[in-house]
Amino acid sequence: MNTPYIVLKSVLALAGLWVFIFYFWRDYRIDSFREQVFSIRDRLFLYAADSEFGFDSPAYKMLRNRMNVVLRYAHEFTMNRFLFFLIFRRSNRPSEVWNLDQAIEAVRSQREREKLQEFNLILAFAIFQFIVYRSFCLYLITRPIVGLSQMLLHVDYRQAMQNRPELAGSVERLESDAMEDAQREDCEAVGVA
Amino acid sequence: MASPSLADRRQAEVNERLSAKKVDGVVSVIRTFLKYAAIVLICRYAYLSVVVLAGKSTFADVGFRILGNIKVSDGIAYIFGGGGLVYGLGQRQLRRKNVERLTAVKNDLERRLDPNRTSSDLTRRGTTPPEDQA
């Protein structure tokens with residue numbers, strides 16, 4: 001095959017790759033992430049139905065509200081914002097996170113408190129995974145490594161994230177940022193109405 | 001030293017968010033530029049290859065030589081094909097997860113209204129049961 005034909009073939013494949021990366025992949029990752037969060041929210045709902053704290057507990061309401069905001073603002077969770085919060089992290093936790101911690105601490109049962117913290121960690125891990133897999137290049141590099149290390153070495157990345165508070169903290173800041181946006185938009189909507 | 005007041009903390013949070021938005025803006029501009037620059041380059045090389053094929057001209061451009069390398073061309077095609085495969089499998093998994101998540105509650109509610117409700121006996125994910133597979 002002569003060079004111009006090969007160039008034409010490369011160009012057609014690149015054009016296809018361009019459409020795939022900028023449209024299909026991006027939308028697919030957001031859909032996949034939302035499905036994951038819907039599933040976590042459903043499990044939280046079922047857990048609350050059987051729990052002592054119930055649906056009126058501030059901890060449940062806050063956690064569910066967090067998940068709703070995460071679902072709505074999933075498109076805003078980007079690697080650059082995550083890295084910004086990771087590099088320029090402050091000692092203080094965002095007020096929303098602090099309020100959630102207080103609400104969980106107010107739950108009477110130790111087992112239920114731990115379970116609520118676990119739901120919060122599962123959500124934070126899902127966001128972190130989404131940020132990494134959102135980029136097709138990062139997905140190609142990290143997915144095989146993650147898959148093989150989980151299969152062969154039984155690495156628990158969620159546990160690893162719990163042991164790295166700076167990662168969880170940066171994800172919490174992303175969540176808080178989205179919560180702030182949601183509050184502002186709600187206020188603006190009320191103002192307009 | 002006294003700990004920062006609530007107002008100071010709120011102000012620090014607002015400043016941090018503002019800085020994050022500025023970074024977002026810059027990155028967004030760079031990303032958009034790269035996105036459309038890629039399309040311009042793709043169109044340019046498509047045009048050049050057609051011109052060369054028509055016999056009107058010959059090119060010794062670096063990009064033309066790279067894209068004309070059979071290994072590079074095959075590599076791009078493999079990534080495109082592999083990406084499509086991952087995408088297809090991912091979409092299938094997503095649809096099955098969705099069926100599993102949505103039908104459980106719906107079936108439960110339907111069973112409450114109609115205890116004699118019949119079932120397709122598919123798996124929870126909407127696939128053919130293993131015992132029915134040939």
Side-chain angles (χ1 to χ4, degrees), chain A residues 1-22 24-25 28-29 31-32 34-36 38-39 41-43 45-46 76 78-85 87-96 98 133 136-137 139-140 143 173-174 176-177 180-181, chain B residues 4 6 9-10 12-14 16-17 19-21 23-24 26-28 31 35 38-39 41-54 59 63-70 72-84 86-87 90-91 93-94 97-98 100-102 104-105:
Chain A
M1 204 188 284
N2 64 21
T3 310
Y5 276 114
I6 300 171
V7 173
L8 200 57
K9 191 185 133 201
S10 304
V11 160
L12 287 175
L14 278 175
L17 206 53
W18 187 90
V19 175
F20 172 71
I21 290 173
F22 289 110
F24 292 103
W25 186 256
Y28 161 62
R29 285 321 316 175
D31 288 349
S32 176
R34 286 195 170 126
E35 175 63 32
Q36 204 178 350
F38 276 131
S39 168
R41 197 182 67 172
D42 287 357
R43 275 185 279 154
F45 178 85
L46 292 174
E76 290 194 359
T78 53
M79 180 59 91
N80 57 288
R81 205 178 273 205
F82 171 76
L83 289 176
F84 175 85
F85 287 129
I87 295 164
F88 301 104
R89 62 180 185 276
R90 290 182 294 110
S91 53
N92 292 334
R93 303 181 79 193
S95 38
E96 291 88 3
W98 194 76
Y133 288 169
F136 181 62
C137 294
Y139 181 87
L140 284 182
R143 191 70 187 91
R173 284 198 191 283
L174 280 175
S176 301
D177 208 25
E180 187 84 7
D181 283 347
Chain B
L6 189 64
R9 277 181 57 186
R10 288 295 298 161
E13 278 179 37
V14 169
E16 186 184 58
R17 281 181 186 131
S19 307
K21 297 262 184 225
V23 172
D24 258 1
V26 172
V27 173
S28 171
R31 192 181 294 142
K35 185 176 166 181
I39 266 292
L41 278 179
I42 287 169
C43 290
R44 178 177 183 259
Y45 285 108
Y47 168 75
L48 289 182
S49 61
V50 170
V51 167
V52 174
L53 278 172
F59 281 96
F64 201 81
R65 259 183 289 159
I66 293 171
L67 290 174
N69 184 318
I70 190 82
V72 172
S73 180
D74 283 352
I76 297 168
Y78 283 134
I79 294 173
F80 182 43
V86 169
Y87 176 75
Q91 284 287 7
Q93 197 188 23
L94 200 59
K97 276 185 186 169
N98 195 254
E100 188 176 21
R101 187 172 62 81
L102 295 178
V105 178

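Note on naming: letters A, B, ... go to the chains in the order of the sequence lines (proteins, then strands), and numbering restarts at 1 for each one. Just so you know, these numbers use all the heavy atoms, side chains as well, and skip hydrogens, waters and symmetry mates. None of these values were measured; they are calculated from a predicted model.
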Undergrad: What part of B/L41 gets within 4.5 angstrom of chain A, counting heavy atoms only: side chain, backbone, both, or neither?
TA: neither
Undergrad: Show the nearest heavy-atom pair for residues A/R81 and B/A20, with the distance to one decimal.
TA: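 Minimum heavy-atom contact is CG-CB, 4.4 Å.
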Undergrad: Roughly how far apart are B/K97 NZ and A/F38 CZ, rounded to 0.5 Å?
TA: 14.0 Å
Undergrad: Is the shortest heavy-atom distance from the side chain of A/R143 to the side chain of B/V86 under 4.5 Å?
TA: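 A/R143 does not reach B/V86 side chain to side chain.
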Undergrad: Let's test your reading of the structure: which of A/N80, A/L140, A/L8 forms the most heavy-atom pairs below 4.5 Å with chain B?
TA: A/N80
Undergrad: Supply the atom-to-atom distance A/L17 CG to B/I76 CD1, rounded to the nearest 0.5 angstrom.
TA: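 Nearest 0.5 Å value for the CG-CD1 distance: 8.0 Å.
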Undergrad: Please report the closest heavy-atom contact between A/V11 and B/A46, naming both atoms and the distance.
TA: CG1-CB, 3.5 Å
Undergrad: Contact part of A/F20 toward chain B, heavy-atom cut-off under 4.5 Å: side chain, backbone, both or neither?
TA: side chain
Undergrad: How long is the straight-line distance from CG of B/L67 back to OG1 of A/T3, given to the nearest 0.5 Å?
TA: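 Between A/T3 OG1 and B/L67 CG, I get 11.0 Å after rounding to 0.5 Å.
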Undergrad: Sort out for me which of A/V7, A/L12, A/D42 touches chain B most, counting heavy-atom pairs under 4.5 Å.
TA: A/V7
Undergrad: Less than 4.5 Å to any heavy atom of chain B: does that hold for the side chain of A/F136, its backbone, both, or neither?
TA: side chain
Undergrad: How long is the straight-line distance from CZ of A/F84 back to NZ of B/K21, given to the nearest 0.5 Å?
TA: 11.5 Å
Undergrad: Among all residues two or more places apart in sequence or in another chain, which pass the salt bridge (charged side-chain N to carboxylate O under 4.0 Å, His left out) test with B/R17?
TA: A/E96, A/D177, A/E180, B/E13
Undergrad: What distance separates B/I42 CD1 from A/S10 OG, expressed to the nearest 0.5 Å?
TA: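 Here the rounded value is 11.0 Å.
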Undergrad: Is it the side chain or the backbone of A/T78 that comes within 4.5 Å of chain B heavy atoms, both, or neither?
TA: side chain
Undergrad: Of the listed residues (B/A38, B/G83, B/A77), which shares the most heavy-atom pairs with chain A below a 4.5 Å separation?
TA: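 Most pairs with chain A among the choices: B/G83.
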Undergrad: How would you list, by chain and number, every residue that makes a side chain to side chain donor-acceptor pair (under 3.5 Å) with B/Y78, sequence neighbours excluded?
TA: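 Applying side chain to side chain donor-acceptor pair (under 3.5 Å) to B/Y78 gives none.
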Undergrad: Quick check: closest heavy atoms across A/P4 and B/V52, and the distance to 0.1 Å?
TA: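 Result for this residue pair: CG-CG1, 3.3 Å.
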Undergrad: With chain A, which of B/E100, B/Q93, B/Q91, B/K35 has the greatest number of heavy-atom pairs at distances under 4.5 Å?
TA: B/K35
Undergrad: So how far is it from A/Y28 OH to B/L94 CG, rounded to the nearest 0.5 Å?
TA: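 One finds 6.5 Å between OH of A/Y28 and CG of B/L94.
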Undergrad: At a heavy-atom separation under 4.5 Å, does B/I79 approach chain A through its side chain, its backbone, both, or neither?
TA: both
